[in-house]
Amino acid sequence: MNATEKLIGAARTAMRHAHAPYSRFAVGAAVRLTDGQIVTGCNFENASYGLSLCAETVALAAANAQGRLADVEAIAVVGGAMGPDGSVSGDAIVTPCGRCRQIMNEAEQMAGRTLAIYCAAPEGDALAEHRVAELLPHAFGPADLGITPRKS
């Protein structure tokens, strides 16, 4: 199994832990760090909808909580509609929402490297690889405020 397949597998595993009783749409994300470590997250909804957290944001915040935001190099996102039993299946690729694209832009700028964003389906081999700049053209981020990546 190559590094991308491992990352997507971790996102699929995280997706199974999504707390999505309102949207019934489960999403898992996995962040690969420069040393190969993988940090995961899943969406966590709240009855007060605006307080819900997306999987990508949870995973990136977890990497940051470990002091590793500057080490992010790739992100995988997997998601889909939940069946009555809570399972997620299908071959449709999901892409990050606008908020997550902005969070990814922040992570990319703070890491000081272009991040690979892998969007995959819950099942099968469907995969799309993106860059933050193509997902969020003309983004506003730390560099616009004169903030540069921390040097280790």
Side-chain angles (χ1 to χ4, degrees), residues 1-47 49-137 139 141-142 149:
M1 178 181 300
N2 69 33
T4 301
E5 291 168 337
K6 185 176 177 184
L7 189 65
I8 292 166
R12 285 179 173 152
T13 298
M15 176 186 66
R16 294 187 197 108
H17 301 293
H19 176 71
Y22 310 107
S23 71
R24 304 292 299 156
F25 196 88
V27 180
V31 173
R32 186 175 61 233
L33 305 175
T34 53
D35 64 0
Q37 179 184 345
I38 294 176
V39 179
T40 62
C42 59
N43 56 322
F44 187 77
E45 294 180 351
N46 186 279
Y49 296 119
L51 297 179
S52 296
L53 300 171
C54 295
E56 302 92 322
T57 298
V58 171
L60 285 166
N64 183 61
Q66 294 179 20
R68 305 287 309 273
L69 187 60
D71 297 334
V72 173
E73 70 175 16
I75 303 168
V77 182
V78 177
M82 296 169 68
D85 64 352
S87 66
V88 182
S89 59
D91 58 4
I93 292 173
V94 67
T95 59
C97 72
R99 176 179 180 245
C100 287
R101 293 172 190 212
Q102 183 65 40
I103 298 292
M104 290 175 177
N105 178 62
E106 183 90 7
E108 180 174 274
Q109 287 191 26
M110 296 314 291
R113 72 178 57 81
T114 301
L115 304 181
I117 312 298
Y118 300 104
C119 301
E123 300 175 307
D125 297 328
L127 175 67
E129 182 177 345
H130 300 283
R131 297 292 179 257
V132 174
E134 102 188 50
L135 292 172
L136 188 66

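Please read these numbers as outputs of a predicted model, since none were measured by experiment.
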Inset, instruction - Would you confirm whether D71, through its side chain, and L33, through its main-chain N or O, come within 3.5 Å as a donor-acceptor pair? - result: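 No, D71 side chain to L33 backbone: no donor-acceptor pair under 3.5 Å.
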
Inset, instruction - Ignoring hydrogens and angles, tell me if any N or O in the side chain of R12 forms a donor-acceptor pair with the backbone of A121 under 3.5 Å. - result: yes

Between [X] and [Y], which heavy-atom pair has the shortest distance, and what is it?
X	Y	answer
V78	V94	C-CG1, 3.6 Å
C119	P96	SG-CD, 3.8 Å
R101	L135	NH1-O, 2.9 Å
M104	L115	O-CD1, 4.0 Å
A92	P122	O-CD, 3.6 Å
G141	Q109	C-OE1, 3.5 Å

Can you give me every donor-acceptor pair (side chain of residues 51-62, partner residue at least two apart or in another chain, under 3.5 Å) with its distance?
from	atom 1	to	atom 2	distance (Å)
S52	OG	N46	N	3.0
S52	OG	Y49	O	3.1

Inset, instruction - State, with a plain yes or no, whether a side-chain heavy atom of H19 is found less than 4.5 Å away from one of C42. - result: no

Inset, instruction - Indicate yes or no: at least one non-hydrogen side-chain atom of R16 is less than 4.5 angstrom from one of V88. - result: no

Legend entry - Results of ring pair (Phe, Tyr, Trp, His ring centres under 6.0 Å) for F25 - residues two or more places apart only: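 Testing F25 for ring pair (Phe, Tyr, Trp, His ring centres under 6.0 Å), a comparison that skips the adjacent residues, returns none.
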
Legend entry - Spatial distance of atom CD (E108) from atom CZ (R113) [nearest 0.5 Å]: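 The CD atom of E108 sits 10.0 Å away from the CZ atom of R113.
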
Legend entry - Gap separating the OG1 atom of T13 from the CD1 atom of I8, nearest 0.5 angstrom: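 Going from OG1 on T13 over to CD1 on I8, the span is 12.0 Å.
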
Legend entry - N2 atom CG, over 12 foreign heavy atoms within 6.0 Å: yes

Inset, instruction - Could you tell me which residues satisfy side chain to side chain contact (heavy atoms under 4.5 Å, CB included) with D85, sequence neighbours excluded, listed by chain and number? - result: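 Partners of D85 under the side chain to side chain contact (heavy atoms under 4.5 Å, CB included) test: S87.
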
